[in-house]
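Below you'll find the structure, written out as structure tokens, and then a few comments.
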Protein chains: 2
Amino acid sequence: MALQAVQKKPECDAIACQDCGLYQLCLPMGLNSADTMLLDRYVKRKRIVKRGQILYRLGEEFTCVYAIRSGSVKTYISTADGRLQITGFHIPGELLGLSAIDEKRYNCEAMALETTSVCEISLNCFEELARQIPSVHYQMLRMMSKEIKHNQNLMLLLGKKNAEERLATFLLTLSKRFAMRNYSATQFNLSMSRGDIGNYLGLAEETVCRILTRFQEEGLIASERRRIALNDLERLGSIAHEPYSGVTRALPRVRVSHSR
Amino acid sequence: MALQAVQKKPECDAIACQDCGLYQLCLPMGLNSADTMLLDRYVKRKRIVKRGQILYRLGEEFTCVYAIRSGSVKTYISTADGRLQITGFHIPGELLGLSAIDEKRYNCEAMALETTSVCEISLNCFEELARQIPSVHYQMLRMMSKEIKHNQNLMLLLGKKNAEERLATFLLTLSKRFAMRNYSATQFNLSMSRGDIGNYLGLAEETVCRILTRFQEEGLIASERRRIALNDLERLGSIAHEPYSGVTRALPRVRVSHSR
DNA sequence: CGCCCTGTTGAATCTGGTCAAACTAAGTGG
DNA sequence: CCACTTAGTTTGACCAGATTCAACAGGGCG
């Protein structure tokens, strides 16, 4: 039954897995080599988009999901009067576009932050894939569930955290995502501008700068332009005030908090 | 193929559909009477929770999804130091808990805002249901896709809108959801407190009050405590600055906006 | 009937935004 | 290769919207 995850050991090798984010969808299902072969057939086109180019537009017909191979992408929505809100930054190994399933139209716009290579998987192929390997459906549910959780944490950040907490949270979240993909957790470069970071976190560009300098003065980080090093994950963590995970015990005593 | 929605006319009657939110999952699939019968078998328990009682806790094992029959529920997450962020208000006909699928634990806490009646559908039953009616999977994807879109709009609100815009957006969104379920779009009562509204919108309780009074002075609404009437949907809409839908043309000229 | 919770209003404070300007890095074209 | 342009980043001064603190009013429930 698809709803119960098959938890065999994955057998496709790490290189192939890193090569294309589509594997992320199937890896946790424990595909055998045959399935992995099968998978390869469904990756139709590889596409390169340059910095600033659009991968898909808001409202455009939902035709493909995209798996990022290298580079990075931002997704954003906007008010009718033109204010943008960046809803996510996406790095290699991540899958894009799935949430368009309901309306058959992309519900955000995706723009490359740097030269980016993606796999395009057409919807038809994807459906065929799900027919061949039923637990793909379950895997899709898991990924969307993960995205919902991520978005809820972002809502907590936007609704309740102050500027310092937002920046610290942002840096640590990035760090964890890089670490998960075997990149350095303490040293990486930001493919997005200060403006983008501010936009994403609900802060002004200037505030982002000021707080980064403050972090630097306090020895928490070292940053020069896009290059950044996290020198004190510990202290950053205590600044960030991560969401409560709830595994140890019930929620802490309710403090019907106002924001901030 | 499940990914392609079956778009037959629904055949189960409206009363049954309103009776239990589970139908919402199946309605758009165009179930025939036999399937509808089948569905009934999977609704195991009905449960009544009183105001302030918890439906499920954060981190608790994912055992059931809940369909709201009557009343209303708030869901929220929190920082480790006890600040809460309400992530959603839920009204009759809506389904709760689906996003726990990834981690097999509820990723938020759900509390009744008033005396509320829900259907508990155990995961096992749900899986059995999906086995019997394959497009249930597809329907789940659609619902989660819808939730993601909703959350993104909330991120836009929290990141870029000022207090007036937030309140106007909130009232209109509620109005639309009520209208969709054949309740009045212009007159309803808020089951949540001013504090809850403020928490949800990233504002202080006092700010919510002040702006509601301002709206009332300007004749946009009439409100006395929990009872509210929207007198000028038009003008509320222009205050709200709804998200750009993207159907007519490309995104408006980029204005790399700071927040507020 | 009185207490308590929710909602409302006022005044002071402050975080973070806006505006302006300088500076740096990276292109770009002559 | 260099002057020039452009985009991105940083810092300072000032300001405004929203929060905080506080006091009070009114309903509803025990």
Side-chain angles (χ1 to χ4, degrees), chain A residues 50-52 74 83-86 111-115 157-168 170 189-217 221-228 239 241 254-260, chain B residues 50-52 74 83-85 113-115 157-168 170 189-217 221-228 239 254-260:
Chain A
K50 287 213 281 280
R51 171 186 160 73
K74 65 176 172 184
R83 281 170 288 179
L84 300 185
Q85 172 70 42
I86 295 175
M111 181 187 284
L113 288 167
E114 59 195 313
T115 301
L157 179 147
L158 290 169
K160 297 288 170 292
K161 293 189 176 181
N162 66 24
E164 279 201 351
E165 294 173 318
R166 293 181 199 206
L167 252 303
F170 172 72
N189 56 345
L190 306 166
S191 57
M192 69 294 285
S193 71
R194 300 287 193 267
D196 280 342
I197 296 174
N199 182 295
Y200 179 62
L201 300 177
L203 299 171
E205 183 178 347
E206 295 90 330
T207 308
V208 174
C209 279
R210 274 187 261 271
I211 291 184
L212 285 183
T213 359
R214 199 185 311 163
F215 281 175
Q216 182 144 9
E217 285 164 1
I221 65 170
S223 88
E224 39 107 23
R225 311 220 130 229
R226 300 291 175 101
R227 193 87 207 146
I228 196 160
I239 292 176
H241 286 118
V254 174
R255 173 179 136 198
V256 182
S257 54
H258 300 167
S259 50
R260 291 299 136 85
Chain B
K50 287 213 281 281
R51 172 186 158 76
K74 65 177 172 184
R83 281 170 287 179
L84 301 184
Q85 170 71 40
L113 288 166
E114 58 194 313
T115 301
L157 178 147
L158 290 170
K160 297 290 171 293
K161 293 189 177 182
N162 66 23
E164 279 201 352
E165 294 172 319
R166 293 182 198 205
L167 253 302
F170 172 72
N189 57 341
L190 307 166
S191 57
M192 68 294 285
S193 70
R194 300 290 193 266
D196 281 341
I197 296 173
N199 181 296
Y200 179 63
L201 299 177
L203 300 172
E205 183 178 345
E206 294 89 330
T207 309
V208 174
C209 277
R210 274 187 258 272
I211 291 184
L212 285 182
T213 345
R214 201 184 310 162
F215 280 176
Q216 183 144 10
E217 285 165 2
I221 65 169
S223 87
E224 39 106 26
R225 313 217 130 233
R226 301 291 177 99
R227 193 85 206 147
I228 196 161
I239 292 176
V254 174
R255 173 179 136 196
V256 182
S257 55
H258 301 166
S259 50
R260 295 296 139 87

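The chains referred to below are lettered A, B, ... by the order of the sequence lines, with proteins before strands, and numbering in each begins at 1. What you see is a predicted model; the values in this text were computed from it and never measured.
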Worksheet item: Between the main-chain N or O of A:H241 and the side-chain N or O of A:K161, is there a donor-acceptor pair closer than 3.5 Å?
Response: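 Yes; at least one donor-acceptor contact below 3.5 Å.
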Students often get this wrong, so: under 4.0 angstrom with heavy atoms, is [X] touching a base, only sugar-phosphate, or nothing?
X      : answer
B:R51  : sugar-phosphate
B:R225 : base
B:S193 : sugar-phosphate

Fill in: Electrostatic pair B:R214:B:E164 at N-O distance under 4.0 angstrom
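The answer is yes: the pair qualifies as a salt bridge.
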Per [X] side chain, nearest of listed nucleotides [options]:
X      : options                : answer
B:R226 : C:dT6, D:dA18, C:dG17  : C:dT6
A:T213 : D:dT11, D:dT10, D:dT20 : D:dT11
A:E205 : C:dG16, D:dT10, C:dT9  : D:dT10
A:R210 : C:dT18, C:dT9, D:dG8   : C:dT18

Rounded distance (Å) that lies between atom [atom2] of [N] and atom [atom1] of [X]:
X      : N      : atom1 : atom2 : result
A:E164 : C:dG16 : CD    : P     : 8 Å
B:L190 : C:dG7  : CG    : C1'   : 13 Å
B:I211 : C:dT8  : CD1   : P     : 13 Å
B:E114 : D:dC29 : CD    : P     : 13 Å
A:I228 : D:dT9  : CD1   : P     : 12 Å
B:R214 : C:dT9  : CZ    : P     : 12 Å
A:R166 : C:dT15 : CZ    : P     : 14 Å
A:I197 : D:dG8  : CD1   : C1'   : 12 Å

Worksheet item: Do the side-chain N or O atoms of A:T207 get closer than 4.0 angstrom to the phosphate oxygens (OP1, OP2) of C:dG17?
Response: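 Result: yes.
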Practice prompt. Please give the angle, rounded to 10 degrees, between the axes at the start and the end of the helix from C:dC1-D:dG30 to C:dG30-D:dC1, where five pairs define each axis.
Written response: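 If I round to tens, the end axes sit 40° apart.
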Practice prompt. For A:R210, enumerate each residue passing the side-chain contact (heavy atoms from CB on, under 4.5 Å) test, keeping only those at least two apart in sequence or located in another chain.
Written response: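 Partners of A:R210 by the side-chain contact (heavy atoms from CB on, under 4.5 Å) criterion, ordered by chain and then number, come out as A:E206.
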Worksheet item: Out of A:L203, A:V208, A:L201, which one pairs with A:F170 under the side-chain contact (heavy atoms from CB on, under 4.5 Å) rule?
Response: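 Exactly one option meets the side-chain contact (heavy atoms from CB on, under 4.5 Å) with A:F170, and it is A:L201.
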Worksheet entry | Shortest non-hydrogen contact between B:L84 and B:N199, atoms and distance |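 It is O-ND2, 3.0 Å.
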Discussion item. Does any part of the side chain of A:L113, heavy atoms only, come nearer than 4.5 Å to the side chain of A:D196, both counted from C-beta?
Written reply: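 With C-beta onward as the side chain, the pair touches.
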Practice prompt. Tell me, yes or no, whether the heavy-atom count around B:R51 atom CZ, taken from other residues, nucleotides or ligands under 6.0 Å, exceeds 12.
Written response: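 Check fails, neighbour count at 12 or below.
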